[in-house]
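The structure appears below as structure tokens.
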Amino acid sequence: QVQLVESGGGLVQAGGSLRLSCAASGAPFIRYAFGWFRQAPGKEREFVSSIRSSGGNINIADSVKGRFTISRDNTKNTAYLQMKTLKPEDTAVYYCAVQRVVLSTTITSEYGYWGQGTQVTVSS
């Protein structure tokens, strides 16, 4: 059974940094794509960043480009989202997701497995 556990969220001041982790278990994730999404109160879940199995083919949303960096460590079955220069509008619950076959890594419905989410709150 695939399980994903996010960690690293918290409260940070604007301009600060956080690193989120997504630890996966239950499958050989070396062949899975990882995606990070976020959902703010009253808004739909939106794409943040994704990385395919090889570690290449990285996608990142325009809203976080230049500030967020996705990476993965296949030896640890873990993906990371390094977030810098955080803004109040980055406040949301951040979710990681995985799927082995993904046509478009930016689309929520492409992913079959999701973590429980971790709260990120950026104060102004």
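The side-chain contact (heavy atoms from CB on, under 4.5 Å) with Leu81 is formed by just one residue from the set Cys22, Cys96, Ser49; it is Ser49.
Using the six-membered ring where Trp is involved, Phe68 and Tyr94 have ring planes that are tilted, between 30° and 60° apart. Ring-plane geometry between Phe29 and Phe34 is classed as tilted, the angle between the planes lying from 30 to 60 degrees on a 0 to 90 degree scale.
Atom OG in Ser124 sits 14.0 Å away from atom NZ in Lys87 (nearest 0.5 Å). Note that the CZ atom of Arg67 and the OG1 atom of Thr69 stand 10.5 Å from one another [nearest 0.5 Å]. Going from atom OG of Ser53 over to atom CZ of Arg31 covers 7.0 Å, rounded to the nearest 0.5 Å.
At a threshold of 4.5 Å between non-hydrogen side-chain atoms, the residues Val98 and Val2 count as touching. Using a 4.5 Å cut-off on side-chain heavy atoms (C-beta onward), Lys84 and Gln82 make contact. Residues Val120 and Leu20 are in side-chain contact: their nearest non-hydrogen atoms beyond the backbone lie under 4.5 Å apart. Annotation: side chain of Leu18 is in contact with side chain of Leu86 (closest heavy-atom distance under 4.5 Å).
Nearest heavy atoms, Tyr111 versus Thr105: OH-O, 2.7 Å. Nearest heavy-atom pair across Ala14 and Pro88 is CB-CD, 4.1 Å. The two atoms that bring Ala97 and Leu4 nearest to each other are CA-CD1, 3.8 Å, heavy atoms only. Heavy-atom minimum distance, Asp90 versus Arg38: OD1-NH1, 2.9 Å. Considering all non-hydrogen atoms of both residues, Val64 and Val48 come closest at CG2-O, 3.9 Å. The two residues Gly117 and Glu6 make their nearest non-hydrogen contact at N-OE1, 2.8 Å.
Checked by atom type and distance alone, the side chain of Gln3 never pairs as donor or acceptor with a backbone atom of Ser25 at under 3.5 Å. Remark: the backbone N or O of Ala40 is not paired with any side-chain donor or acceptor of Arg45 at under 3.5 angstrom.
Defined by atom type and a distance below 3.5 Å, a donor-acceptor pair is present between the side-chain atoms of Thr121 and Gln119. When only modelled atom types and interatomic distance are considered, Tyr32 and Arg100 share no side-chain donor-acceptor pair under 3.5 Å. Side-chain contact, Asn59 with Thr106: no donor N or O sits under 3.5 Å from an acceptor N or O.
Phe37 and Phe47 have their aromatic ring centers within a separation under 6.0 angstrom.
Side-chain heavy atoms closer than 4.5 Å link hydrophobic residues (I, L, V, M, F, W, Y) into clusters, and following such links, possibly through other members, connects Ile51 to Tyr113. Put simply, Tyr95 and Met83 are part of two different groups of oily side chains (I, L, V, M, F, W, Y) that touch within less than 4.5 Å, one to the next. Note on Trp114 and Val93: same hydrophobic cluster, where clusters join Ile, Leu, Val, Met, Phe, Trp and Tyr whose side-chain heavy atoms are under 4.5 Å apart, directly or indirectly.
Atom CD1 of Ile30 is surrounded by 12 or fewer heavy atoms from other residues, nucleotides or ligands within 6.0 Å.
Geometrically, Arg19 engages Tyr80 in a cation-pi contact, judged by NZ or CZ lying under 6.0 Å from the ring centre and within 45° of the ring axis.
Between Asp62 and Lys65 there is a salt bridge, since a side-chain N of the basic residue sits under 4.0 Å from a carboxylate O of the acidic one.
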